[in-house]
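First up is the structure itself, then whatever we jot down about it.
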Amino acid sequence: GHGRLMLPGTMERTLGRRLPEAIAVVADAYDLPGSLPDLVAEYDRLRLEALRGNVRPMPGALEIVEWGRERGLKLALATSSLRTHADLSLAEAGLAGLFDAEVTGAEVERGKPEPDIFLLAAERSGVEPIACAVLEDAPAGLAAAAAAGMAPVWVPNANTRDLAPPVAVAARCDDLFAARAWLSERLFSNW
């Protein structure tokens, strides 16, 4: 709502980051007026409006979550989003209540690409980081997963498909159906 043209590379630098860090990148790039808390509040309001009635899960999201639950895997959601945004998105996508643990960006000191959010999710799930695979669509999230000592699995979306992962990934999967197949091969090949 500030009448600025999109600058190349700005969006990419916000992907996967917590809202205050993302807004700071945008405010600096576009020299936006107003305090950071005011800009965050404005974005929060606009984002909730935009999400309502418009959330579509990534193809295969419900299927991979149900598959994991059927097999007794511990499933955690670690999102940089605000709690209100996460709750609305989960409800609209039909994924509410399906995770063993949920962590949002406001619950950690440092956001992605730091590992804090994934380490807290593992702790809440009762799983050692080394035993965790992280399905990520944003470069900052891949870096965070690697920093946490977890296996970063790159599942890019339409906005991140052409970006280069900042770390070595355990796998690149074109969608969540492919990610499920990758996990199944590694976890259940001896069954």
Side-chain angles (χ1 to χ4, degrees), residues 9 11-19 21-22 47 51 54-82 85-86 88-105 108 111-122 124-125 127 129-189:
M11 187 192 74
E12 286 80 1
R13 289 191 292 136
T14 68
L15 293 171
R17 296 183 186 273
R18 297 187 311 167
L19 188 54
E21 285 101 347
R47 178 71 177 152
L51 285 172
N54 294 305
V55 175
R56 301 287 176 273
M58 287 178 74
L62 188 57
E63 290 85 351
I64 197 170
V65 169
E66 288 178 340
W67 173 87
R69 288 181 65 82
E70 287 167 4
R71 282 153 186 78
L73 299 180
K74 290 287 187 179
L75 304 177
L77 175 75
T79 176
S80 297
S81 295
L82 298 176
H85 299 184
L88 179 60
S89 296
L90 287 169
E92 295 221 350
L95 295 169
L98 297 182
F99 295 93
D100 298 291
E102 295 178 3
V103 183
T104 60
V108 292
K112 303 172 188 177
E114 300 300 329
D116 306 28
I117 199 166
F118 290 133
L119 293 173
L120 182 55
R124 287 185 179 170
S125 303
V127 179
I130 193 74
C132 295
V134 176
L135 307 183
E136 256 295 343
D137 62 358
L142 292 170
M150 302 174 179
V153 179
W154 183 219
V155 190
N157 62 39
N159 293 322
T160 60
R161 195 168 290 126
D162 297 327
L163 302 179
V167 293
V169 298
R172 179 192 165 119
C173 301
D174 288 334
D175 56 32
L176 290 171
F177 294 106
R180 183 178 67 180
W182 182 86
L183 283 169
S184 184
E185 196 177 298
R186 272 137 199 86
L187 293 172
F188 306 111
S189 57

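Because only heavy atoms are used, hydrogens play no part in the values below, and waters and symmetry mates are left out as well, while side chains stay in.
Side-chain N or O atoms of T160 include none that pairs as donor or acceptor with a backbone N or O of A138 at under 3.5 Å. A donor-acceptor contact shorter than 3.5 Å is absent between the side chain of S81 and the backbone of A86. Formation of a donor-acceptor pair under 3.5 Å by the R124 side chain with backbone atoms of A101 is not found in this model. Side-chain atoms of D100 never come within 3.5 Å of backbone atoms of A76 as a donor-acceptor pair (strictly under, hydrogens ignored). When atom types are taken as modelled, the side chain of S125 and the backbone of A121 share a donor-acceptor pair closer than 3.5 angstrom.
Summarising the geometry of C173 relative to P156, their closest heavy-atom pair is O-CD, 3.5 Å, with the distance given to 0.1 Å. Shown here for R69 and L75, the closest heavy-atom pair between the two residues is CG-CD1, 3.5 Å. Here the shortest heavy-atom pairing between A143 and V167 reads CA-CG1, 4.0 Å. A78 and K112 get closest at one heavy-atom pair: O-NZ, 3.4 Å. Scanning both residues, M150 and L119, for their nearest heavy atoms gives CE-N, 4.1 Å. Scanning both residues, P59 and L176, for their nearest heavy atoms gives O-CB, 3.5 Å.
The side-chain heavy atoms of C132 and K74, taken from C-beta on, include no pair separated by under 4.5 Å. With contacts defined as side-chain heavy-atom distances shorter than 4.5 Å, the pair L98/L62 qualifies. When side chains are defined from C-beta on, L51 counts as touching S89, because their heavy atoms get closer than 4.5 Å. R17 is listed as a side-chain neighbour of P113, based on a closest heavy-atom distance under 4.5 Å. Annotation: side chain of E102 is in contact with side chain of L90 (closest heavy-atom distance under 4.5 Å). Contact of the F118 side chain with the V103 side chain is not registered, since no non-hydrogen atoms from C-beta on lie closer than 4.5 Å. Side-chain contact between L73 and L183 is absent, with no heavy atoms from C-beta onward closer than 4.5 Å.
Rounded to the nearest 0.5 Å, atoms CG (L77) and CG (L95) are 8.5 Å apart. Interatomic distance, N157 CG to L15 CG, rounded to the nearest 0.5 Å: 7.5 Å. For the atom pair CD of E136 and CG of L142, the computed distance is 5.5 Å after rounding to the nearest 0.5 Å. Taking CD from E21 and CD from E114, the interatomic distance works out to 9.5 Å, rounded to the nearest 0.5 Å. Rounded to the nearest 0.5 Å, atoms CD (E66) and CZ (R71) are 11.0 Å apart. Of the inter-residue distances, the one linking D175 atom CG with D137 atom CG reads 13.0 Å to the nearest 0.5 angstrom.
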